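The structure presented is a predicted model; accordingly, all values stated were derived computationally and were not measured.
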Amino acid sequence: MRIDKFLKVSRILKRRTLSKEACEKGKVYVNGREAKAGCQIKAGDVAELHFTGGTVKFRILQIKETVKKDEASSLYEIIE
């Protein structure tokens, strides 16, 4: 799955366009490397998202095309 889609499905970011913009601006890293919107991810990868107020680092636990709002947080775990 692409990182921009994962950020939207997991509800880390609200819209896929926001996810794509974050990738284009160099605010998303996967396994320590800057990620483009089309970067393919898998379970076990570690991703970082840099916001204006700080950084969120999380491990991807599972990949699903769609999830309910209540289950979205089961796709990842916050590391720092």
Next on the checklist: Apply side chain to side chain contact (heavy atoms under 4.5 Å, CB included) to residues Val56 and Ile78 and explain how you reach the verdict.
Outcome noted: CA-CA 7 Å; Val56 176; Ile78 302 292; 3.7 Å; yes
Checklist outcome for this item: Joining Ile, Leu, Val, Met, Phe, Trp and Tyr whenever any side-chain heavy atoms lie under 4.5 Å apart, the cluster holding Val46 also takes in Ile79
Checklist entry - Which pair of non-hydrogen atoms, one from Ala43 and one from Ile63, has the smallest distance, and what is that distance? => result N-CG1, 4.1 Å
Item to check | Any residue meeting salt bridge (Lys or Arg N to Asp or Glu O under 4.0 Å) with Arg15, in chain and number order, not counting sequence neighbours | outcome: none
Item to check | ring-ring contact (aromatic ring centres under 6.0 Å, His included) partners of residues 14-49, not counting sequence neighbours, each pair once | outcome: Tyr29-His50
Checklist outcome for this item: In short, side-chain hydrogen bond (donor to acceptor under 3.5 Å, both in side chains) pairs touching residues 16-27 with sequence neighbours left out are Asp4-Arg16
Checklist entry - Tell me, which pairs form a salt bridge (charged side-chain N to carboxylate O under 4.0 Å, His left out) where one or both residues lie in residues 31-44, sequence neighbours left out? => result Lys42-Asp45
Checklist entry - Under the side chain to side chain contact (heavy atoms under 4.5 Å, CB included) test, which residues partner Ser74, sequence neighbours left out? => result Gln62, Glu71
Checklist entry - Do Leu75 and Val9 come close enough that some side-chain heavy atom pair is under 4.5 Å? => result yes
Checklist entry - Checking side chain to side chain contact (heavy atoms under 4.5 Å, CB included) for the pair Phe51/Leu13: CA distance, chi angles, key distance, verdict? => result CA-CA 11 Å; Phe51 292 105; Leu13 292 174; 3.9 Å; yes
Checklist entry - Which residues pass the side chain to side chain contact (heavy atoms under 4.5 Å, CB included) test with Ser73, sequence neighbours left out? => result Tyr76
Item to check | Interatomic distance, Ile12 atom CD1 to Phe58 atom CZ [nearest 0.5 angstrom] | outcome: 3.5 Å
Next on the checklist: Taking Met1 as the starting point, is it possible to reach Ile60 by hopping between hydrophobic residues whose side chains are less than 4.5 Å apart?
Outcome noted: yes
Next on the checklist: Tell me which pairs pass salt bridge (charged side-chain N to carboxylate O under 4.0 Å, His left out) where either residue lies in residues 59-69, with sequence neighbours left out.
Outcome noted: Lys5-Glu65, Arg59-Glu77
Next on the checklist: Tell me the closest heavy-atom pair linking Ile3 and Val28, and the distance in Å.
Outcome noted: CG1-CG1, 3.9 Å
Checklist entry - Listed by chain and number, what are the side chain to side chain contact (heavy atoms under 4.5 Å, CB included) partners of Ala72, not counting sequence neighbours? => result Arg11, Val67
Next on the checklist: How close do Ala37 and Cys23 get, counting heavy atoms only, and between which atoms?
Outcome noted: N-CB, 3.6 Å
Checklist outcome for this item: Taken to the nearest 0.5 Å, the spacing of Ile41 CD1 from Leu7 CG works out to 7.0 Å
